[in-house]
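Read through the structure below, which is laid out as structure tokens, and then see the notes.
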There are 2 protein chains.
Amino acid sequence: MNIYDIASKAGVSVATVSRVLNNSPRVSQKSKEKVQRIMDEEGYVPNIFARGLSLNSVKSIGILCPVISDINHAAAVSHIERLLRTNGFDTILASTGSYEEDKSKYLDFLLAKRVDAILCVGSGSGDAKERASFERAAGQVPVVVVNGMVKAKNVYCALCDEEGAVLSLVEELLRKGYRSIAYFYDTETYSGLQKLSGYRKGLAQAGLGADQRIELKIDTETNGIDASFNQTNTILDTGKSFSALIAADDIIAVGAQKALKKRAISIPIIGFNNSRFAQCADPEISSIDTMIESLCTIAVQQLLDVLQGRPAPERVLISASLVQRESFIL
Amino acid sequence: MNIYDIASKAGVSVATVSRVLNNSPRVSQKSKEKVQRIMDEEGYVPNIFARGLSLNSVKSIGILCPVISDINHAAAVSHIERLLRTNGFDTILASTGSYEEDKSKYLDFLLAKRVDAILCVGSGSGDAKERASFERAAGQVPVVVVNGMVKAKNVYCALCDEEGAVLSLVEELLRKGYRSIAYFYDTETYSGLQKLSGYRKGLAQAGLGADQRIELKIDTETNGIDASFNQTNTILDTGKSFSALIAADDIIAVGAQKALKKRAISIPIIGFNNSRFAQCADPEISSIDTMIESLCTIAVQQLLDVLQGRPAPERVLISASLVQRESFIL
DNA sequence: TATAAATATGTAAGCGTTTACACTCCATTA
DNA sequence: TAATGGAGTGTAAACGCTTACATATTTATA
């Protein structure tokens, strides 16, 4: 069943059928109705490959997402997929599986699928190789990064001021008198480093140097909660103590909270990403919300703007917001 | 840059180039190397639309997933995507956004994309309309349902014996002397109803009738934890009590646990899906693991078998396993 | 060496769309 | 009445690949 079949059944030419298919105004109402009726009757579905070959696009967007099973990423992908569908695009998924993995082959994969644009969720390693991969991809189709930063030409970014968020949180804690603030983190992606930098800046501003920092890198690869729990125990066993804790992800906060609780240590704990995990804990953990849904909306807007030749800002930075729960009230 | 360009640069015909592209054995080593070299030099990427038009497939699988932001679904999609890519297929995502939503338009969407097969994550409403949609789709391409059941012809299912899991859990609780076992649930999908049925059967076996059941339907649409917390409070306020609780999802278990804890009620609580949520809680919640990754592996195997004309079982049922944590030990 | 068989290559048609361009009507307008 | 213009339609080429079939080349066999 192709356009020729429909054309002959409707007694018109393929051009007319194609025009009906594409809502061209250059068809008479009569022809339009007739063709439409036949198409409905026959259950005709245009061949997307032929259309793609002819138009060189099937209106699809590639989503590049490290570890889609990460709850934050899943939320992002979910939101993006809906927005794109609403705008007539479909979504081809490429999930790398780890944060550090080289993205270039996934970019190539998506480009080979002839996507109209690429949307990348989350920040990556930020190294030169990654930048080059993105720049190469961006030479072919628009590339937008959600909640991450890739400093490459023609790569658009929508991100959250995580550095600022941590910085003002540190300031707030210091103001309240907490002097030894610990910071537990995992990834050293752009986002990870920004947060870390916010922490350090905050301490530095108060005259607290490198030796006053309590930084702990948690290996969250397999089970973040267990890892954080164990590593927190280890650090406490060394006799180190701290009067407040900021965690780069809620999962880390949860694990640390468990360890602290076991020793009946009650200090302010603030997590990151405002996930359900923070709410599951007891006491519920306050968390910095990076507004992932807003970022997705912005990113999709950037993408559509670029695709449609409208001007779009290369970098959009929104601010985070602290969701206060039991573990810390401003 | 197309196959003709490559052909002329390599001094061969398009047929030869195409053969190299498709690893045909009918090319001399010499031609093969030459063509390959030129393709590499030129950075040639075959046009997937043209290939699709010619072969009537681009080796893509549609994933139909209600609410991909659900942590369990995200895990499934993540796993499936990797498995499929390993097998040379890419993944087109269609996420419905809610469990009840009519899936037929999403199926049509995927079919219009000319996917080679459809993989549906999770159970749906199970109603006649849904069945009809799936049957229609299954008439065109193989359809496999992961962790759900659609009783339609030619629809393959890989699922977990959730009814049996709840049933034996109830038996176990009764054996331990817990007489008034509550069951909190949310969705009434196939899976939801199976679990409910397991609960009822378990009680019935012990001679406990409908009036001994403590069933509560939680509205988890917006925030499952809050909903469960509030509704648990409400039911407790009415004076109703129970000596053990089974929840159809970890999120429900978490909310209920919070409410019970506030009243210093300590009873066995068992959740479902063995998500991180269960581990975040305190005490950590035991949970029935529905082995979603195994199911995905099985489902993808079914799919590949069917696609390659090998025989595949229409229904695969695996058993669940109870992950014991602090909230309940066997 | 002649011939058959196997291997390698090329030609051209076909996949199902879109769309530039050409054409036919028919209603205006001079 | 003839010329003009606009609306509707059709023809045919183009998109870039695969592959059946035909042909050329090499190798094996008698």
Side-chain angles (χ1 to χ4, degrees), chain A residues 1-39 42-60 88 90 109 111-116 140-141, chain B residues 1-40 42-60 88 90 108-109 111-116 140-141:
Chain A
M1 178 66 52
N2 60 27
I3 209 174
Y4 284 88
D5 299 324
I6 300 296
S8 73
K9 279 189 211 279
V12 297
S13 75
V14 291
T16 299
V17 176
S18 176
R19 285 182 188 113
V20 172
L21 229 36
N22 295 285
N23 285 311
S24 159
R26 317 184 71 69
V27 207
S28 67
Q29 194 57 28
K30 219 180 96 193
S31 301
K32 190 175 201 158
E33 276 161 14
K34 187 165 195 177
V35 170
Q36 196 56 256
R37 190 172 51 74
I38 305 269
M39 292 197 303
E42 304 285 326
Y44 166 74
V45 178
N47 184 304
I48 195 152
F49 303 137
R51 176 174 263 174
L53 181 56
S54 197
L55 299 176
N56 204 32
S57 157
V58 291
K59 300 203 60 164
S60 66
D90 71 306
F109 164 80
L111 290 173
K113 292 293 169 184
R114 293 288 206 275
V115 293
D116 292 323
Q140 302 192 47
V141 297
Chain B
M1 177 65 53
N2 62 26
I3 210 175
Y4 284 88
D5 299 326
I6 300 295
S8 73
K9 278 187 209 280
V12 297
S13 75
V14 291
T16 299
V17 177
S18 176
R19 286 181 188 114
V20 172
L21 230 34
N22 295 285
N23 284 312
S24 160
R26 317 182 72 68
V27 208
S28 66
Q29 193 57 29
K30 217 180 100 193
S31 300
K32 190 174 203 159
E33 276 162 15
K34 186 165 197 177
V35 169
Q36 195 57 255
R37 190 171 51 74
I38 305 271
M39 292 200 299
D40 291 346
E42 304 285 325
Y44 167 74
V45 178
N47 184 306
I48 195 151
F49 303 136
R51 174 174 264 174
L53 180 57
S54 195
L55 298 176
N56 206 31
S57 155
V58 291
K59 301 204 53 161
S60 66
D90 70 307
D108 285 341
F109 164 80
L111 290 174
K113 292 293 167 183
R114 293 286 205 277
V115 294
D116 292 322
Q140 302 192 45
V141 296

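So you know, we letter chains A, B, ... as the sequences are listed, proteins then strands, and number each from 1.
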Could you tell me whether the side chain of [Y] reaches within less than 4.5 Å of the side chain of [X], counting heavy atoms only?
X: B:Asn47; Y: A:Arg114; result: yes
X: A:Glu33; Y: A:Gln29; result: yes
X: A:Val35; Y: A:Val12; result: yes
X: B:Asp116; Y: B:Val141; result: no
X: A:Met39; Y: A:Val45; result: no

Rounded distance in Å - [atom1] ([X]) to [atom2] ([N]):
X: B:Arg19; N: D:dT19; atom1: CZ; atom2: C1'; result: 8 Å
X: A:Met1; N: C:dT17; atom1: CE; atom2: P; result: 10 Å
X: B:Arg114; N: D:dC17; atom1: CZ; atom2: P; result: 20 Å
X: A:Asn56; N: C:dG16; atom1: CG; atom2: C1'; result: 16 Å
X: A:Asn2; N: C:dG16; atom1: CG; atom2: C1'; result: 6 Å
X: A:Leu21; N: C:dT19; atom1: CG; atom2: P; result: 11 Å
X: A:Leu53; N: C:dC15; atom1: CG; atom2: C1'; result: 9 Å

ask   = Under 4.0 Å between a side-chain N or O of B:Ser13 and OP1 or OP2 of C:dG10?
value =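 True: B:Ser13 side-chain N/O within range (under 4.0 Å) of C:dG10 OP1/OP2.
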D:dG10 phosphate, OP1 or OP2: any side-chain N/O from A:Thr16 under 4.0 angstrom?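 Checking D:dG10 against A:Thr16, a side-chain N or O does come within under 4.0 Å of OP1 or OP2.
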| message | Salt bridge or not between A:Asp90 and B:Lys113? Use side-chain N to carboxylate O under 4.0 Å. | response |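 Answer for the salt bridge query: yes.
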Please report how far the helix from C:dT1-D:dA30 to C:dA30-D:dT1 bends, comparing the axis fitted to its first five pairs with the axis fitted to its last five, to the nearest 10 degrees.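 Between the first-five-pair axis and the last-five-pair axis there is 50°.
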Name the closest nucleotide to the [X] side chain, picking from [options].
X: B:Ala15; options: C:dT11, C:dT17, D:dG16; result: C:dT11
X: B:Arg51; options: C:dG10, D:dC17, C:dT17; result: D:dC17
X: A:Ile3; options: D:dG16, C:dA12, C:dT18; result: C:dT18
X: A:Asn47; options: D:dG16, D:dG10, C:dG16; result: C:dG16
X: B:Val12; options: C:dT18, D:dG10, C:dG10; result: C:dG10
X: A:Leu55; options: C:dT19, C:dG10, D:dC17; result: C:dT19
X: A:Tyr44; options: C:dT17, D:dT18, D:dT9; result: C:dT17

### Message
Can you tell me how far apart CG (A:Leu21) and CD1 (A:Ile3) are? Round to the nearest 0.5 Å.
### Response
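Answer for the CG-CD1 pair, A:Leu21 versus A:Ile3, is 5.5 Å.
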Please confirm whether the backbone N or O of B:Leu111 pairs with a side-chain atom of B:Asp108, one donor and one acceptor, at under 3.5 Å?
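Here the side-chain-to-backbone pair does not exist.
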**OP:** For the residue pair A:Asn22 and A:Arg51, confirm or rule out a side-chain donor-acceptor distance under 3.5 Å.
**Re:**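 Their side chains do contain a donor-acceptor pair, which is all the 3.5 Å distance test asks for.
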Mind listing the residues from residues 22-34 of chain A sitting with a heavy atom below 4.0 Å of DNA chain C? Number order is fine.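 Within residues 22-34 of chain A, the residues near DNA chain C are A:Asn22.
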For B:Lys34, enumerate each residue passing the side chain to side chain contact (heavy atoms under 4.5 Å, CB included) test, keeping only those at least two apart in sequence or located in another chain.
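By the side chain to side chain contact (heavy atoms under 4.5 Å, CB included) rule, B:Lys34 matches B:Ala10, B:Arg37.
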**Study point:** Touch class at under 4.0 angstrom, heavy-atom based, for B:Tyr4 against every strand present
**Key:**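 Result for B:Tyr4 = base.
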